[in-house]
Amino acid sequence: MTSDARETILSRLRQGLKASSGPELEPDAQAAPSSGHEKPRPDIPDHDFWKKFQEELKSLNAQVFSAKDLTKAKEMLARILKEREVKSAVIWDHPVLEALGAARVLRDAGVKILPDASSREGFCSQAGAADLGVTSAQAVILESGSLVVRAGKGLERSTSLLPPVHLAVVADAKRLTHIPNLAGLLRTWKDEEGRLPSAVHVITGPSSTADIELVKVLGVHGPLKLIVLMVLEGDAG
Amino acid sequence: METKNSDFRTRSAKACLDVHLGQTLKKAACVHKAKTDKAFLKFERVEEFRALAHEVKERSLSKLPELLTRLEASVRKAGGVVHWARDASEANAIVLGIAAKNHVRSVVKGKSMVTEEIGLNKALLDTGCEVLETDLGQYIVQLANEPPSHITAPAVHKTRFQVADLFAEKLNVPRTEDIGELTLTARAALRQKFLCADMGVTGANMAVAETGSIVLVENEGNIRLTVTAPRIHVAVMGIEKVVENLDDAAVILSLLARTATGQTLSSYTSVITGPRRDGELDGPYEFHLILLDNGRSAIFSEPALREILYCLRCGHCLSVCPVYEKVGGHSYGGVYPGPMGSVLTPLLAPVGEADDLPFACTGCGACAEECPVQINIPKLLLALRAKNPKGKKGSQTFAWLAGHPGAFRAAASALRGLDPKLEKTRRAPILGRPLRAWAKNRSLPRLKKPFSKRWPNLEKELGKLRDKT
C-alpha cells in the first residue's frame with residue numbers, strides 16, 4: 001500500500017510541477033542552498049555577550065548565578081542544593097560537570113544520585129522522581145536567551161525535562177549570536193555517517209503555557225524552574 | 001465535520017449571540033496583539049526575514065518531489081521508517097498497523113492539527129486504545145468533547161470558570177478558578193500517563209531533507225515528553241512541511257514563535273533525528289514518519305492557490321482577523337479556522353463542502369500584512385470565490401456596473417426614483433432572491449441620496465471622530 005502511495009504522491013507532484021506556471025526560480029537561487037542565511041557580523045566582546053545573555057535569561061524567568069571560577073561555582077552549587085532542599089538528582093555524564101566535580105558536590109550535600117541501579121524502574125520514571133536534573137549546555141543563543149542541549153550516551157533527554165528543577169551549567173559553551181547560527185552549530189554535531197544527534201533541544205526558559213485565557217503560567221509538563229549556573233573565567237563575568 | 005449540517009452563516013450567527021464567547025475572544029485578540037507587537041518591535045530585521053522565509057517556502061515547494069525523496073533517504077539513514085499516505089484513511093491505517101504490531105494499549109499525543117484533520121484519535125479509540133491529548137488546551141477540549149477552536153490555542157474560547165467546572169467534574173478534583181492551580185492539576189493528571197504510554201504521536205512543524213530531522217516547537221514540554229518516554233514515536237506530517245536544509249529551518253524558527261506567541265523562541269525547540277541510538281537511556285526505540293498528501297498535491301497543482309502550502313500554522317492570522325474575533329473558531333466548522341482555514345478547509349473538504357468559508361472575509365488584509373511567510377490570503381480567498389458558481393451572476397452584474405460609472409449612476413438613479421428603500425426589488429422574483437440573501441445579515445444602503453453627495457458631511461464627521469481618539 002505504502003509503495004503505491006509513494007509513487008502516486010510523487011507522480012502527482014511531478015505532474016503538478018510541470019503543469020504549473022508557478023513561481024519559477026532563477027537557476028542561481030536554486031543553486032545556493034546551504035551557504036547560510038546569516039551574514040557575518042562583528043564579533044561581540046565576551047563581556048558584552050555574557051552580560052546580554054544573562055539579561056535575556058532573566059527576562060525569561062530563569063534564575064541566574066554567575067561564578068568567576070570553578071571553586072566559586074562549586075560553592076554556589078552547594079548553596080543552591082541546600083536552599084532548595086534537594087534530596088535526589090539525575091546528572092549528566094559530561095566533561096564540564098566532571099571538571100566542576102558536580103557529582104561529588106551533590107553527594108557531599110547528601111543528595112541521592114539517580115538512576116538507582118538496583119531499581120527496576122526505567123530511566124524516565126527515575127528522572128521523574130528526582131528533585132533536580134543537572135546538565136551542561138553545549139551552546140547558547142544570545143538573541144533568544146536559549147540553552148542548547150544535545151542527547152547522547154550519558155546525556156539523557158529526561159534530565160532537562162522531568163525533574164521539577166533543571167539546573168544547567170554554562171561553561172565552555174559555544175556562543176551563537178542569532179537563531180540562524182543554529183544551522184552551522186548543528187552541522188558540527190554530525191557524526192561520521194553524517195547523522196545529527198538523536199535529539200537536540202533548544203531550551204528557552206522554564207516550561208510554560210498560556211492555554212487558559214492566554215494567561216502565562218510557568219511550569220507545565222517540563223521543569224517549573226530553570227536555574228543557570230555560569231562559570232565565566234577571566235573578566236568575562 | 002459539522003460543515004455538512006449547517007453553514008458558516010448559521011453557526012456564526014449563533015456564536016455572535018454568546019456574550020461570554022465575545023468577551024473571551026476580544027480579550028484574547030488584545031493580549032495576542034500586545035505580545036506579538038512587542039516581539040516585532042524588538043526584532044528589527046523582521047521584514048528581511050519574512051522575505052527570506054517566503055523564499056524558503058517557495059524554493060522548497062518548487063522542488064518538493066525531490067526534497068521528499070531526499071528526506072526519506074535521510075530518515076532511513078538515521079534509523080527511522082518513512083510511510084506515505086494518500087489520504088486520511090491510509091494514514092490512520094498506518095498508525096493502527098504500527099500500534100497493533102507493537103501491542104500498543106495507550107497513546108499520548110502532542111498537539112497536532114494534521115492528526116485532527118485525519119481524525120486519528122477516533123480511529124485509535126475505536127481499536128480500544130487509550131488516547132490522551134497532553135497539550136493543556138487540547139486536553140481541555142478533549143475533556144469537553146469539543147474540537148479545538150484555534151490552531152495554536154485550542155481552548156481559547158473557554159473561560160477559566162468553564163475550565164474550573166470541567167476539571168472538577170471530569171477529574172474529580174476540588175474546584176479552583178486559579179489558572180496556575182488548574183495548570184498544575186493537568187500536570188499531575190498526565191505525568192503518570194506519559195511514563196506508562198506505549199506510543200507517542202506528534203505532528204511536525206518542519207522536516208529537514210538534509211538531515212532527516214523533524215522540528216517540534218512547543219512551550220509546555222508535553223511534546224518533549226511524548227518523544228522521550230514512550231517506546232515508539234510516530235510523527236504525522238503534511239508533505240508541504242519539508243524544507244531543504246538546516247539554514248532554511250533556522251530562518252523559519254526566527255519567525256515562528258514570534259508570530260505564534262510573541263516569544264523569540266518557544267520554550268522548547270526540538271530537532272529529532274531518528275530513534276534513540278545505542279547506549280542512550282531514553283527516547284523511543286522506533287521512529288516513524290508518515291508523509292500525508294490528503295489533497296495537498298491537488299492544491300500544489302493549482303498555481304493560483306499553491307501559496308497556502310507555505311503556511312506554518314503559527315495561528316497569527318486567526319488572532320489578528322476581525323471576523324475570527326467576532327465569530328470564534330467553531331463557526332468555521334472545520335479543523336482549520338480563520339483566514340488560513342477559510343482557504344484550506346474548502347480545498348481539503350469534498351467538493352462543494354465548506355465553500356461558503358471564502359466569503360467569511362471582509363478583505364481587510366490584516367492577515368496578509370502580518371503573515372510570517374507573506375501569504376496573500378485575501379487574494380487566495382478571491383481566487384476561491386471566483387471558482388464558486390453560487391452568487392456568480394449577482395457579483396458579475398455588480399462588477400460590470402462598478403466598471404461602468406455611467407451605467408452605475410443610471411441604474412442607481414432609476415432605483416432611487418422607483419424604489420428608494422429597495423422594498424419592491426427585494427420582493428421581485430429574479431433580482432430579489434440574491435438581494436434578500438445578501439441583506440439577511442447586512443443593512444441595505446439607503447438610496448435616497450447618492451453617496452457622492454453624502455460624502456462631504458461624512459468626511460467631516462470622521463475627522464471629528466479621529467480628533468477625539
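Below, read A as the first sequence line, B as the second, and so on, with proteins coming before strands; counting in each chain starts at 1.
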What are the two closest non-hydrogen atoms of [X] and [Y], and how far apart are they?
X      : Y      : answer
A:C124 : B:T228 : SG-O, 3.9 Å
A:L17  : B:S62  : CD2-O, 3.6 Å
A:V215 : B:R160 : CG2-NH2, 4.5 Å
B:R191 : A:L161 : NH2-O, 4.3 Å
A:S146 : B:L265 : OG-CD1, 3.5 Å
A:D211 : B:P154 : OD1-CD, 4.3 Å

Student check: side-chain heavy atoms of B:N245 and A:R187 closer than 4.5 Å: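 Answer yes - side chains close enough.
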Are B:T69 and A:R6 side-chain neighbours, meaning at least one heavy-atom pair lies under 4.5 Å?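 Sidechains of A:R6 and B:T69: in contact.
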For the pair B:K27 and A:E213, evaluate salt bridge (Lys or Arg N to Asp or Glu O under 4.0 Å) and give the outcome as yes or no after the intermediate values. CA-CA 8 Å; B:K27 193 181 147 204; A:E213 294 187 4; 3.3 Å; yes
Do the charged groups of B:R45 and A:E143 touch, with an N to O distance under 4.0 Å? no
Could you grab the distance from atom [atom1] of [X] to atom [atom2] of [Y], nearest 0.5 Å is fine?
X      : Y      : atom1 : atom2 : answer
A:I212 : B:I140 : CD1   : CD1   : 4.0 Å
B:I252 : A:I179 : CD1   : CD1   : 12.5 Å
B:L136 : A:T209 : CG    : OG1   : 4.5 Å
A:R12  : B:D293 : CZ    : CG    : 5.0 Å
B:Y268 : A:I203 : OH    : CD1   : 6.0 Å
B:S301 : A:L13  : OG    : CG    : 7.0 Å

Under 3.5 Å side-chain donor-acceptor pair for A:S198 and B:E280: yes
Regarding A:S160 and B:R224, is there a side-chain donor-to-acceptor distance under 3.5 Å anywhere?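 Yes - a donor-acceptor pair under 3.5 Å links their side chains.
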For each of A:K216, A:K153, A:H201, tally heavy-atom pairs with chain B at distances under 4.5 Å, and name the one with the top tally.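 Going by pairs under 4.5 Å, I would pick A:H201.
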Let's test your reading of the structure: which of A:S11, A:P197, A:A210 forms the most heavy-atom pairs below 4.5 Å with chain B?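 Of the candidates given, the most pairs with chain B belong to A:P197.
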What part of [X] is in contact with chain B, defined as an atom under 4.5 angstrom from a non-hydrogen atom: side chain, backbone, both or neither?
X      : answer
A:A127 : neither
A:L162 : both
A:V217 : side chain
A:P223 : both
A:S158 : both

In terms of heavy-atom pairs under 4.5 Å, which option from [options] contacts chain A the most?
options                        : answer
B:P65, B:C196, B:A250          : B:P65
B:T273, B:N219, B:L246, B:D282 : B:D282
B:T159, B:L68, B:V163          : B:T159
B:A304, B:G283, B:A153, B:G274 : B:G283
B:G137, B:G221, B:S270         : B:S270
B:T183, B:T261, B:D278         : B:T183

What part of [X] gets within 4.5 angstrom of chain A, counting heavy atoms only: side chain, backbone, both, or neither?
X      : answer
B:A85  : backbone
B:S74  : neither
B:L225 : both
B:S213 : side chain
B:E72  : side chain
B:F287 : neither
B:Y139 : neither
B:S266 : backbone
B:E66  : neither
B:H32  : both
B:L190 : side chain

Using modelled atom types only, decide if a donor and an acceptor are shared between the side chain of [X] and the backbone of [Y] within a distance under 3.5 Å.
X      : Y      : value
B:S267 : A:G205 : no
A:R157 : B:L281 : no
B:K77  : A:E193 : yes
B:R86  : A:I9   : no
B:R276 : A:A199 : no

Counting heavy atoms not belonging to B:Q192, are there more than 12 under 6.0 Å from its CD?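 For B:Q192, atom CD is not crowded (no more than 12 foreign heavy atoms under 6.0 Å).
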May I ask you to check whether over 12 heavy atoms, not counting those of B:K33, lie within 6.0 Å of atom NZ? no
Stepwise, does the side-chain contact (heavy atoms from CB on, under 4.5 Å) test hold for B:L184 with A:L224? CA-CA 10 Å; B:L184 284 176; A:L224 312 173; 4.3 Å; yes
Using the rule given for side-chain contact (heavy atoms from CB on, under 4.5 Å), can you reason through A:K190 versus B:E210, listing the C-alpha separation, both sets of side-chain angles and the distance that settles it, and then say yes or no? CA-CA 11 Å; A:K190 286 183 180 174; B:E210 175 190 352; 2.8 Å; yes
